[in-house]
Amino acid sequence: MDNTKDLNQEPLTEGSTEGYRQIKLDKLGALQTAGHDPFSQVRYDRTHCAASIEACYDELEGQAVSLAGRLMAKRLHGKAGFGDIMDESGRVQIYFKKDVLGEEALEQAKELDLGDIIGLKGRVFKTRTGQVTVEVGEFTLLAKILQTLPEKWHGLQDVDQRYRQRYVDLIVNRDVLERLRLRSRAVSEIRRFLDGRGFLEVETPMLHAISGGATAEPFKTYWNALKSDYYLRIAIELHLKRLIVGGFERVYEIGRVFRNEGVDTSHNPEFTMLELYWAYVDYTDIMALTEELTRHVAREVFKSEQVTYGEYELDFSQPFRKVKFDDAMREYAGCSLAELKTMDDLKREAARLEIKLPEERGFGRCLDEIFKEMVEPHLVQPTFIIDYPVSISPLAKRMSAADKAAAGYPADLDVTYRFELFAATMELANSFSELNDPVDQRQRLEYQIADKAEGASELDEDFLTAMEYGMPPMGGLGIGIDRLIMILSGTPAIREVIIFPQLRHK
RNA sequence: GCGCCAUUAGCUCAGUGGUAGAGCAUCUGACUUUUAAUCAGGUGGUCGCAGGUUCGAGUCCUGCAUGGCGCACCA
């Protein structure tokens, strides 16, 4: 494209999309012809960030500073003009004046477009209205915008475009950048917290030959060299447990897992999980750790243990409520686990409660459905639901007869040492004293397959073999990081806490 | 996958079968402390895409695409 073409030959397109772009291309071409190619610049030395100019005004008044960032506003006044420059820290006003810059540089400044990236050196002062400002002594164009930024009042509202062009969203909707920055800090803080307690971060495969560790439909892929189907992992669990067999005693992984399911305000098909395993402790230790971790991140990163989340006011400052699964069912579904032993029991209660059970699914999935329908909507404040039935807990250890008696459960009720953490009716964490009996484990996984649970179509024999080498008793934990960030940042939409959420390819 | 709704200028939006609009942005001119700068004058449209009804469709109908919400799927 000829960037130096005469502007007068294209008078009719100036207001069109191509026209806007062509005008900027022409400006760029003129600069390049004059030997001022912005894209030849490789660095710009800064002394300050934008936000520090106002924050440190008392020390900086009258001082020379250098800044770099994006031009976000222009207010021209003939032989002078104001602008706003934005960098990651924030914005500061800049002032161009002919007396200081000279005629040629002032003209170049007036040619700048909203969205151009510039570096500048200047003197800090306050205008007569008291606005902290940098009077520009010299400036350099570091990148030329060719597109047009969205409007300054309303920004970019179109949800589709916000996610597809997240870079534009980030430029004009600064709260998005701030929220994603908090997310990163929270993840760092989680690592610090766990590292400080002797946990070792590890990385395990994302490509799995057998999909396991959770009940979910996997994404399938194909490994050409091996001529084999593979799956993207749906959980991290089974590999981390192998490490505990091998002798690691405290491990965790923070990483992406993939589940082949729909998108809604609390689901993205790829999401970030924290899983950790801690040898020789039980689920009550993990419960304490989970509560401590959650409160720590709320306090250190989000600076508040009270959060407004949609219609809810959540309070993380108080000890989290602990409710037995059985008690929650009695209270909200009006039936105890002792009354729910067969598929017929479930059908009877579902009919009474007017719940539609999933078709062609087994006992566990249907019991889970009743819990989800009747109990979960009540779990607003941070709440641990504890002691899940074995039918929906294939990897959790069975409660001993002594513990069941102590907790008041009937001797014939099969419950496990398991908890889940809920807040704002959403599941945040899942944990148990891990089953380490390889014979029982085999039976449970076979039951899952017979129960037609999704993803459970093939036994992971190597995992069972690992367990046969002896797996110490341990507590395990999984936390949905995206959901935790949603809750702690008060953002009731998972896509607002994921940098590039999944969308249909256009 | 199902239902409802949306899609008009770069962005945010109005437009109720009869000439396609506003604000911001952009262009031209004026303006040396403005800050949603101001003032004057312009440019800018495949009304998501494809059909149909009608003398006439941005508007009504059908299909498709993308998105939103709800449902379904989903520890």
Side-chain angles (χ1 to χ4, degrees), chain A residues 7 10-24 26 72-84 91 93-101 106 113-115 125-133 135 145-164 168 172 213-217 234-235 237 257 259-269 271 273 356 358-359 361 364-365 367-369 371-372 376 385 388 392-396 418 420-422 426-432 453-455 478 480 483 493 495 503-506:
Chain A
L7 275 171
E10 294 269 323
L12 294 179
T13 58
E14 66 181 27
S16 66
T17 308
E18 271 311 298
Y20 292 130
R21 189 160 172 277
Q22 189 59 51
I23 287 165
K24 293 180 176 101
D26 290 341
M72 294 303 287
K74 253 170 92 182
R75 297 178 289 279
L76 298 184
H77 295 260
K79 296 181 181 62
F82 291 91
D84 294 341
R91 291 186 182 215
Q93 174 166 278
I94 58 177
Y95 181 49
F96 297 96
K97 183 161 74 163
K98 186 179 164 188
D99 300 346
V100 173
L101 279 169
L106 181 71
D113 287 298
L114 294 184
F125 77 109
K126 267 187 190 171
T127 64
R128 72 166 73 129
T129 54
Q131 174 74 49
V132 173
T133 303
E135 181 187 75
I145 190 170
L146 298 179
Q147 301 284 333
T148 304
L149 287 180
E151 190 228 331
K152 61 184 171 187
W153 300 350
H154 306 88
L156 184 64
Q157 302 288 337
D158 185 83
V159 176
D160 190 32
Q161 202 177 335
R162 282 189 50 223
Y163 297 141
R164 286 185 200 280
V168 180
V172 299
T215 313
E217 187 69 24
I234 58 173
E237 178 143 0
V257 299
R259 295 186 182 178
N260 204 336
E261 57 200 37
V263 169
D264 64 33
T265 51
S266 62
H267 294 83
N268 193 62
F271 62 100
M273 279 267 280
K356 188 166 154 279
E359 285 169 25
R361 293 300 172 82
R365 180 68 188 81
L367 175 59
D368 201 34
E369 183 67 21
F371 178 81
K372 282 183 167 181
E376 285 191 8
I385 297 292
Y388 280 64
I392 57 175
S393 309
L395 298 160
R418 174 185 177 189
E420 290 194 318
L421 174 62
F422 290 85
M426 199 162 58
E427 185 197 334
L428 287 185
N430 182 23
S431 164
F432 17 96
E454 274 181 271
R483 289 183 174 183
R495 297 202 291 188
L503 291 172
R504 192 182 295 267
H505 181 66
K506 230 170 184 170

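Since the structure is predicted, the reported quantities are computational estimates derived from the model, not experimental observations. Below, chain A is the first sequence line, B the second, and so on; all start at residue 1.
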Report the base-pairing partner of [N] (Watson-Crick or G-U wobble, both distances below 3.5 angstrom), or none.
N: B:A14; result: none
N: B:U32; result: none
N: B:G41; result: B:C27
N: B:C60; result: B:G52
N: B:C74; result: none

Tell me the closest heavy-atom pair linking A:L149 and A:M72, and the distance in Å.
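Closest approach of A:L149 to A:M72: CD1-SD, 4.1 Å.
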Hey, is the side chain of [X] pairing donor to acceptor with the base of [N] inside 3.5 Å?
X: A:Q147; N: B:G10; value: no
X: A:H154; N: B:C11; value: no
X: A:Q131; N: B:U33; value: no

Would you say A:R365 places a side-chain N or O within less than 4.0 Å of OP1 or OP2 belonging to B:C74?
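Yes, within the criterion.
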Compare side-chain N and O positions of A:R75 against OP1 and OP2 of B:U33 and report whether any pair is under 4.0 Å apart.
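No, A:R75 has no side-chain N/O under 4.0 Å of OP1/OP2 on B:U33.
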How is A:L76 classified with respect to the nucleic acid when contacts are heavy atoms under 4.0 Å: base, sugar-phosphate, or nothing?
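Result for A:L76 = base.
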Please work out which of the three classes, parallel, tilted or perpendicular, describes the rings of A:H77 and A:F82, given edges at 30° and 60°.
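Rings of A:F82 and A:H77: perpendicular, over 60°.
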